Amino acid sequence: MTRAGAAGVLVLVALCGASLATGVADLSAGGAESVDTLLISRLPRTLAVVLVGAGLAVAGLVMQTLARNRFVDPGIAGTEQSAALGILLATLLWPAAPLPATMLAATLAALAGSGVFLALAQRLPPTEPHLMPLFGLIYGGVITAGVTFVAWHMDLLQYLDIWLNGDFSGVLRGRYELLWAIAAMVGLAWWLADALTIASLGREVGTGLGLDYDRMLRLGLLIVAMVSALTVVVVGLIPFVGLIVPNLVSRLRGDNLRGTLPWVALGGAALTLACDVLGRVLRYPYEIPVGTTLGVVGAAGFLALLARELRHG
Amino acid sequence: MIEIEGVSFAHRGTPVLRDVTVSLPKGGLTALIGPNGAGKSTLLSLVARLQPLQSGRIAVDGMPVDRTPGRLLARSLTIMRQDTGPVGRLTVRELVGFGRFPHSRGRQTAEDHRHIDASLERFDLGDLAARGLDTLSGGQRQRAFVAMAFCQGTDYLLLDEPLNNLDPMYGRQMMRHLRDVVDGGQRTVVIVLHDINYAAAYADRILAMKDGRILADGTPAEVLTPDRLEALFGYRMEVREFEGRVHVLHHGP
Amino acid sequence: MAERGLWIAGAVALLVAAVFLGLGLRGNLAFVLELRALRLLGLVQVGVAVAVATVLLQTVTANRILTPSVMGLDALYVLGQTLLVFTLGGIGYASIDARLRFACGLLVMIGMALVVFLPLLRRRLSLTLLLLTGAVLGILFRSLTALVARLIDPNEFAVVQGASYANFSAVPPALLLPGLLLITAGVGVAWAWRHRLDVMSLGPDAAVSLGIDWIPAVTAVLGLVVVLVAASTALVGPVAFLGLLVVALAERLTGTRRHAVLLPAAALIGVAVLVGGQATLQHGFGGASTLGVIVEFAGGLLFLVLLAGGRRA
């Protein structure tokens with residue numbers, strides 16, 4: 001491992017430590033009670049944050065590769081919102097649905113949502129790279145409006161905030177294990193890294209190099225949709241991780257996914273952990289959901305990303 | 001007269017124009033030729049104040065382009081870019097009619113309508129006048145935009161690759177129309193051309209540009225010599241004279 | 001077709017207004033009529049302001065899928081109000097005159113627009129980059145609002161919450177007159193500029209070539225949009241897709257983008273949609289407070305149809 005890599009892992013470990021140490025219950029007393037708090041609440045929460053953060057960052061990278069646009073991610077391109085729509089529909093049609101059924105509905109909706117986004121985004125002129133995220137924001141807004149409409153109609157408005165604002169405070173042992181599937185998706189992305197890099201050059205070049213572009217597209221969409229659906233089902237919508245982290249990594253390490261993917265995963269985990277811990281200490285002992293802190297941090301980060309282009313015009 | 005004095009321009013730190021000084025007297029058809037990235041379009045857009053000047057001075061009939069009100073300049077100078085941008089639901093006649101905006105500010109008079117009719121006729125758009133721009137082919141739309149520029153009635157017409165989407169028939173027709181425009185009145189046409197032979201056939205004067213500098217300036221016969229062309233494009237071309245006109249055989253092996 | 005479309009829009013708007021005023025009159029006629037007339041005045045103002053603002057924004061950006069809310073203008077207004085609650089406390093906020101709050105909100109918006117958008121405009125950035133920056137700023141404002149809200153005591157947040165969703169049935173009466181003045185002035189200016197706007201819709205290069213000084217002209221138009229959006233947000237709260245719906249309908253009905261026709265047509269249709277929707281909901285089904293949700297949903301659906309129909313941005 002390079003020195004930079006070691007430093008990165010160290011930062012992540014430090015953040016995990018902070019996450020384990022932060023909370024209302026005092027662990028310094030020691031004893032069985034503290035161990036229980038650690039094992040039932042703190043550790044699962046920290047693991048969930050790491051999994052979700054890494055997964056969303058990788059999903060963002062995959063999305064940017066498929067859309068051939070640096071400014072999209074599952075939260076901007078309507079994938080997470082579609083997943084919320086799927087959960088809503090599942091709740092409506094089968095109120096007592098077991099978790100796997102809800103999960104399936106969310107995944108299918110996320111697949112459809114991101115598929116439609118990519119299909120529509122192809123119509124946008126490639127000379128205007130900033131139009132696609134703008135379009136995605138409106139698209140996500142439309143889906144949110146649809147979700148709000150249905151939820152209002154069916155008297156489910158109180159659930160809306162749970163789905164649309166990510167929050168790790170409800171994560172306990174036994175209620176997050178589904179998230180381990182994200183690790184499998186990150187693994188799939190790692191396995192596909194070279195093909196994804198080629199796909200980022202476009203359909204023509206990819207096909208010319210013997211890549212089955214449509215299969216690539218389907219697999220990529222599956223990664224994006226699964227990660228988004230898992231995230232929204234378990235903790236709710238989390239914005240911007242998939243946008244900020246791949247952009248930062250790309251500036252520092254280039255665009256060869258085989259080399260950058262671990263960095264993206266690590267960066268996503270670190271950013272989400274930092275924002276979660278921040279939300280826990282900002283108005284201690286109350287908690288501010290990670291969706292809210294990441295909204296502020298992420299939007300500011302997005303502006304910083306745009307700043308370079310704003311300067312040069 | 002268009003006077004360009006000591007104009008340099010950089011895009012994101014990359015120099016595009018380097019200390020260009022040239023003047024274009026009124027009248028005549030001047031062609032700008034040169035390899036891609038030579039700075040032809042940038043020079044044209046600076047003259048037309050589409051981009052702000054970074055250094056140097058440009059004046060059109062004595063009016064500095066960076067300090068003269070846009071409305072005033074629009075009566076003596078117009079530009080048509082190669083990328084005509086998005087077009088809404090406009091008919092050809094409506095578009096051409098916009099050429100009268102600098103004169104009538106939107107309230108068209110009988111004289112404006114005469115100008116519009118004349119432009120439509122000159123560019124063979126009479127049959128298409130009522131058609132929507134979104135229903136036209138790229139070449140037809142291109143002609144409509146040139147007709148709008150013509151309808152503006154300015155002394156100077158700057159055209160950035162107006163032959164881009166045109167087939168040989170319409171390309172030739174467009175150049176003949178422009179030639180007529182120059183010959184018929186006191187109008188001045190400055191045009192960026194990729195096809196050297198169009199420049200050879202229709203231009204009075206050729207400005208050859210490379211790397212942001214003007215490499216050669218003169219009549220087609222003066223500029224289009226094998227040595228100059230090689231300096232410009234980097235390979236040897238044969239030049240033949242046929243029926244009193246210069247032809248550049250640039251497709252050879 | 002253009003003139004006929006305008007007449008149809010006018011007739012529908014009049015009819016709808018008459019129905020709104022006259023349907024199911026009971027009890028004290030003078031009192032009920034006065035109440036309804038005031039409400040009608042509020043709805044007419046919002047319909048006109050949103051329609052005209054959307055037309056203006058779409059024209060200067062040469063983009064048919066944009067609405068002012070995309071640029072985060074209404075979010076800015078809500079953030080301003082939230083900050084007022086934060087600094088003054090709920091009771092302090094409630095004790096300020098509504099007109100003063102409106103003036104503060106308007107000043108904050110214009111100030112922000114001057115500080116943020118004007119320098120960006122001067123650099124001749126592509127408008128899509130500008131809009132994307134605006135959109136991200138909008139997210140930042142919304143996230144900050146959420147964050148500040150979490151920091152405020154939950155009880156006090158209720159005061160703001162009322163201002164963050166569109167509510168068409170409770171237009172604050174104190175704001176009717178200032179709103180009327182601002183909107184009338186704004187619409188008057190837009191009408192005076194109708195020919196200039198036609199030329200600006202050709203894009204910056206063509207417009208400059210036709211004698212428009214692009215930067216001052218765009219600055220002025222965006223300033224007008226800010227004022228109109230501020231007025232309508234103050235009256236009913238943020239509306240996202242209403243403008244999109246109204247302008248697309250107007251364009252379909254009149255078949256033109258000429259501002260001499262499109263501006264009045266869009267304004268009339270804006271009135272017809274809002275007043276008609278409110279009348280239907282009040283006398284037909286559902287509660288009156290739901291018009292916002294329905295308009296947003298319908299506008300959102302239309303947005304998708306517009307895109308799927310292949311009409312490019």
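Fair warning: this is a prediction, and the values are worked out from it, not measured in the lab. Note on naming: letters A, B, ... go to the chains in the order of the sequence lines (proteins, then strands), and numbering restarts at 1 for each one. Heavy-atom basis, side chains included; hydrogens, waters and symmetry copies ignored.
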Discussion item. If you apply the rule side-chain contact (heavy atoms from CB on, under 4.5 Å), what do you find for C/Ile139 with A/Leu137, and how did you get there?
Written reply: CA-CA 10 Å; C/Ile139 301 176; A/Leu137 286 170; 3.6 Å; yes
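Here the CG-CG distance, from C/Leu137 to A/Leu306, works out to 9.0 Å after rounding to the nearest 0.5 Å.
For a residue to count as touching a neighbouring chain, one of its non-hydrogen atoms must lie under 4.5 Å from one of that chain's; by this rule A/Leu303 touches chain C with backbone and side chain alike. Within the 4.5 angstrom heavy-atom criterion, only side-chain atoms of A/Phe240, from C-beta onward, approach chain C. For A/Pro239, no part lies near chain C; criterion is any non-hydrogen pair under 4.5 Å.
The two residues A/Ala300 and C/Leu140 make their nearest non-hydrogen contact at N-CD1, 3.9 Å.
The candidate from A/Ile76, A/Thr148, A/Ile138 with the greatest count of non-hydrogen atom pairs under 4.5 Å with chain C is A/Ile138.
Looking at heavy atoms from C-beta onward, A/Leu131 lies out of side-chain contact with C/Leu132 at the 4.5 angstrom threshold.
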